[in-house]
Amino acid sequence: MSEKTASAKAAAAGSQTLLRGLDLLEAVVVSPASLSDLSKQLAINRSTVHRLASALVDRGYMKLVSGEGYMLGAKLLELGHAARRQMSLPRVARPFLETLCETTGDAVHLGVLYDDMALYLDKLSGARRIEIGSRVGERHPLCSTGLGKSLLLDQSEMEWLERFQKERGPCLPDDPGFVDWRNQMRGYSAGGYSFDLEENEDRVRCIGAPIRDETGAIVAAISVSSVAQYMSEARMTQLMETVTGTANAISRELGWPGQRKQ
């Protein structure tokens, strides 16, 4: 056997071992598993599973608990925190925002919930010769902006009422203004998007969508904004899938598994 062939076989064997080790970790994500369960689930003989699991236990990636089986270890918490520190939301989102801006030709925003306002972390102006009155670092209302509404989609109706009261003043749950807004939010929450129909800025319309983290919680939102001349309700409906698709793609980069929080 040539040295090159031997090296290739060793590399292949090493890759297989690594992949099996990762399979082992993924197999205990939901709940602990015994050696026998892991052997059956992964279709690997017990001795190989034991060897891989022992190595992972030694490095802290797994632990063996008597009466329960193998489970994830503390080392993964350390790595998870490190990954979160390295993942700057604007940096992760920027390539997706650039594509969305280029595709639509409109202004694109990224924002988060901050002190009961929507804080804009990034903005791309778009190709149209119009000016949307927003800047990075500005804070805008939650209840009247497309981005702000998307940040609230998972909140309860009681929380919606509290948000509405903070921005619009005291009102009762049956106040017509709140009832209309709440009914809109019910539809937006069910659809995973939100509209701003010139509610925050005259002649400016927006489509928003939430960004979720690995737990499914909303941690940010994006919006596409333009003047009403270029943003008819028909076009807004057409763009819904594009905007929500971009938000979902960013969410997956943040670890979202792809299912909306129930």
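Note that the structure is a prediction, hence the values are computed from the model and not measured. Atoms considered below: every heavy atom in the structure, side chains included; atoms not considered: hydrogens, waters and symmetry mates.
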- Message: Determine whether Met231 and Val224 satisfy the following criterion, side-chain contact (heavy atoms from CB on, under 4.5 Å), listing intermediate values before the conclusion.
- Response: CA-CA 10 Å; Met231 195 67 84; Val224 171; 4.1 Å; yes
Can you give me the closest heavy-atom contact between [X] and [Y], atom names plus distance?
| X | Y | value |
| --- | --- | --- |
| Gly148 | Ala118 | CA-CB, 4.2 Å |
| Leu151 | Ala220 | CD2-C, 3.5 Å |
| Gly21 | Leu56 | O-CD1, 3.8 Å |
| Tyr70 | Ala53 | CE2-CB, 3.6 Å |
| Leu161 | Pro173 | CD2-CG, 3.7 Å |
| Ser251 | Pro210 | OG-O, 4.1 Å |

[X] side chain near [Y] side chain, heavy-atom distance below 4.5 Å:
| X | Y | answer |
| --- | --- | --- |
| Leu152 | Arg163 | yes |
| Arg168 | Ser144 | yes |
| Pro170 | Gln165 | no |
| Arg94 | Asp122 | yes |
| Glu198 | Val204 | no |
| Thr104 | Arg235 | yes |
| Leu142 | Glu167 | yes |
| Arg205 | Met236 | yes |

- Run through the side-chain heavy atoms of Ile, Leu, Val, Met, Phe, Trp and Tyr, join any pair under 4.5 Å, and report what else lands in Val65's cluster.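 Listed partners: Met71.
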Pairwise distance [atom1]([X]) to [atom2]([Y]) - rounded to 0.5 angstrom:
| X | Y | atom1 | atom2 | result |
| --- | --- | --- | --- | --- |
| Gln155 | Ser189 | CD | OG | 10.5 Å |
| Ile44 | Leu38 | CD1 | CG | 9.0 Å |
| Leu76 | Leu25 | CG | CG | 6.0 Å |
| Asp196 | Ile207 | CG | CD1 | 10.5 Å |
| Ile250 | Leu110 | CD1 | CG | 6.5 Å |
| Asn183 | Glu157 | CG | CD | 8.0 Å |

Test your reading of the model: is there a side-chain donor-acceptor pair from [X] to the backbone of [Y], 3.5 Å cut-off?
| X | Y | value |
| --- | --- | --- |
| Ser225 | Cys206 | no |
| Ser223 | Gly208 | no |
| Ser39 | Leu35 | no |
| Ser150 | Ala221 | no |
| Glu138 | Arg135 | yes |
| Arg203 | Ala228 | no |
| Thr244 | Glu241 | yes |
| Trp181 | Trp160 | no |

Are [X] and [Y] grouped together when hydrophobic residues (ILVMFWY) are joined by side-chain heavy atoms under 4.5 angstrom apart?
| X | Y | answer |
| --- | --- | --- |
| Val30 | Leu72 | no |
| Tyr120 | Tyr114 | yes |
| Met117 | Phe164 | no |
| Val57 | Leu24 | yes |
| Val179 | Tyr188 | no |

- Message: Can a side-chain donor-acceptor contact be found between Ser34 and Asp37 if the only test is distance below 3.5 angstrom?
- Response: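 The answer is yes; a qualifying pair exists.
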Between [X] and [Y], is there a side-chain N and carboxylate O pair less than 4.0 Å apart?
| X | Y | answer |
| --- | --- | --- |
| Asp154 | Arg212 | yes |
| Glu162 | Lys166 | no |
| Asp106 | Arg128 | yes |

- Task: Apply side-chain contact (heavy atoms from CB on, under 4.5 Å) to the pair Asp213 and Trp256, showing each step before the final yes or no.
- Result: CA-CA 5 Å; Asp213 66 9; Trp256 180 59; over 6 Å; no
- Task: Determine, stepwise, if the pair His109 / Ser134 fulfils side-chain hydrogen bond (donor to acceptor under 3.5 Å, both in side chains).
- Result: CA-CA 9 Å; His109 298 88; Ser134 59; 2.5 Å; yes
- Message: Taking salt bridge (charged side-chain N to carboxylate O under 4.0 Å, His left out) as the definition, give me every residue that meets it alongside Glu159, ordered by chain and number, with sequence neighbours left out.
- Response: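 Applying salt bridge (charged side-chain N to carboxylate O under 4.0 Å, His left out) to Glu159 gives none.
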- Residues which pass side chain to side chain donor-acceptor pair (under 3.5 Å) with Glu199, listed by chain and number, not counting sequence neighbours: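 Side chain to side chain donor-acceptor pair (under 3.5 Å) check on Glu199 returns Lys149.
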- Is it true that atom CZ of Arg186 has more than 12 heavy atoms of other residues, nucleotides or ligands lying nearer than 6.0 Å?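 Yes, CZ of Arg186 has more than 12 neighbouring heavy atoms, counting only those of other groups under 6.0 Å.
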- Task: Could you walk me through whether Phe96 and Ile222 pass the side-chain contact (heavy atoms from CB on, under 4.5 Å) test, one step at a time?
- Result: CA-CA 10 Å; Phe96 298 96; Ile222 62 172; over 6 Å; no
- Kindly determine whether Thr48 and Asn45 satisfy side-chain hydrogen bond (donor to acceptor under 3.5 Å, both in side chains), including the steps that lead there. CA-CA 6 Å; Thr48 299; Asn45 64 65; 2.9 Å; yes
- Query: Can Arg139 and Asp115 be said to form a side-chain contact (heavy atoms from CB on, under 4.5 Å), step by step?
  - Reply: CA-CA 9 Å; Arg139 286 179 286 180; Asp115 282 349; 3.6 Å; yes
